[in-house]
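Side chains are part of it too, since the values below use all heavy atoms of this structure and drop only hydrogens, waters and symmetry mates. Throughout, numbering of the chain's residues begins at 1 and tracks the sequence.
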Amino acid sequence: MAATPAPPKAPPKPTWDPRKPEPPFPWLRPTIRIRLTLLYGGMFLIAGILLLSIIYLLAAQAIHEGSGQSFKIYGSGVEIRSDTCPELNNATTDDARNAALKACNDALKQHALDGLLSRSLLALLGLAVIAFAFGYAMAGRVLTPLGRITRTARAVAGSDLSRRIELDGPDDELKELADTLDDMLERLERAFTAQQRFVGNASHELRTPLAINRTLLEVHLSDPNAPVELQQLGKTLLATNERSEQLVEGLLLLARSDNQIIERKPVDLAEVASQAVDQVHAEAEAKGVEIRGERAPAVVQGNGVLLERIALNLVQNAVRYNVPDHGWVEVTTELQHGQAVLVVTNTGPVVPAYEIDNLFEPFRRLRTERTGSDKGVGLGLSIARSVARAHGGHIAARPREGGGLVMRVTLPT
């Protein structure tokens, strides 16, 4: 009978622990709590010693002043004279002299106590000023790493993901926070780099087959001997392919515009709006929509192509979602309170106020299905909002009285 083979041994457990090893005496770690405790406890102790020393000196001086009575005795009749207690000079009996001495002693004690109180208050005020100044300086020194973390976070918010805090110093809570943020920034940088690489690859992989399809369809449609049914089918497929191209371009632009704009140049918002109006002018004439409005110069720092996309999307929406007859679109630019403002106002159907926020969501249209509309792919306002945010601005919409919308884009100059 064959022997039963022994079961395989379990693999050895890994000896490497990815967690940070703890020190042998964690309570000796120079944490901020311990440092602040020692700092403010030491300051309180020093201030108390100084205050006690000053009070001791002032009390000694007050005692010296309080015992400063001077007496002189004249003749055998025991006549007492005093320069510090003139009431004693006029006293002729023992009771009068005792009362005068008691009154003078009380007056000197009160004077000494008043002097001690006033000088103690002055000493306390001086120590308070010194303590506040020293505490302010020490608090600034302790919070210096926090300021460094804040400045790095602001630089990262400006789309400079390559920045790191790299905080040196004692191994306290702030250093632990800085190291954690550095690790997070490194992961964010890798994620954004991967996203940019994906956008570039998707741009090539998605555009190429759509461009090939468009070329083939255009070639077949150019054949004069093609049947009418085939030409109609080719036009339908060409329109579908064009819609797919618009969708791909919109998605890629939406992905790129979600990031901050690194390279900025002066761009006149009035020129951008005029370019958008020129591109939509033919479509507006075909629909009987009048485009008007004064565009004052408003220079901002940003990407001209992306800013033109904002204006183009807003003007196109204003023309396409308008009334059938006697509609108009007003496009204005101006500077207000140090900011550039682009306003696109149009006539159109009445828009409920609760539907405004939904208009900025991708693939959302007002009272239409997700598919089945030939007016666009549902990304225009989403792209406009992303581009505005990437430039540090914002876009807002509100219903126009009588129907239509008022779109307002505000950008920093």
Side-chain angles (χ1 to χ4, degrees), residues 22-74 78-91 94-151 165-179:
E22 295 185 356
F25 302 102
W27 54 275
L28 290 177
R29 180 187 176 194
T31 60
I32 295 180
R33 175 180 293 181
I34 294 177
R35 291 162 59 192
L36 288 179
T37 301
L38 294 176
L39 174 64
Y40 290 113
M43 290 175 57
F44 179 79
L45 181 60
I46 294 173
I49 293 174
L50 289 176
L51 187 60
L52 286 177
S53 301
I54 293 174
I55 291 177
Y56 176 80
L57 295 177
L58 293 177
Q61 184 180 3
I63 292 175
H64 177 72
E65 292 178 355
S67 59
Q69 292 277 16
S70 60
F71 304 97
K72 291 181 180 181
I73 300 175
Y74 297 93
V78 190
E79 182 182 358
I80 301 175
R81 296 285 181 179
S82 175
D83 295 332
T84 58
C85 186
E87 293 85 357
L88 192 60
N89 300 332
N90 301 325
D94 292 341
D95 292 337
R97 290 170 182 168
N98 290 330
L101 284 174
K102 185 178 183 303
C104 289
N105 286 332
D106 292 341
L108 286 176
K109 290 178 181 179
Q110 187 63 39
H111 177 71
L113 289 176
D114 292 342
L116 176 62
L117 179 61
S118 61
R119 291 168 186 170
S120 299
L121 290 177
L122 290 176
L124 180 62
L125 181 60
L127 285 177
V129 173
I130 295 175
F132 277 114
F134 186 74
Y136 182 82
M138 295 305 297
R141 182 177 179 85
V142 172
L143 295 177
T144 297
L146 188 60
R148 184 174 174 180
I149 294 174
T150 304
R151 289 190 298 270
I165 301 173
E166 296 178 352
L167 187 65
D168 51 2
D171 187 17
D172 54 12
E173 293 89 343
L174 287 179
K175 190 175 188 306
E176 183 178 357
L177 174 62
D179 294 341

Query - Interatomic spacing from CD1 in Ile54 to CG in Leu127 - rounded to 0.5 Å - result: 4.5 Å

**Report entry** Heavy-atom pair with the smallest gap, counting every atom of Ile55 and Ser120
**Finding:** CG1-OG, 4.4 Å

Query raised in the report: Roughly how far, to the nearest 0.5 Å, is CD1 of Ile149 from NZ of Lys175?
Result: 10.5 Å

Query - Interatomic distance, Leu38 atom CG to Met43 atom CE [nearest 0.5 angstrom] - result: 13.0 Å

Query raised in the report: side chain to side chain contact (heavy atoms under 4.5 Å, CB included) with Leu117: which residues, sequence neighbours excluded?
Result: Leu121

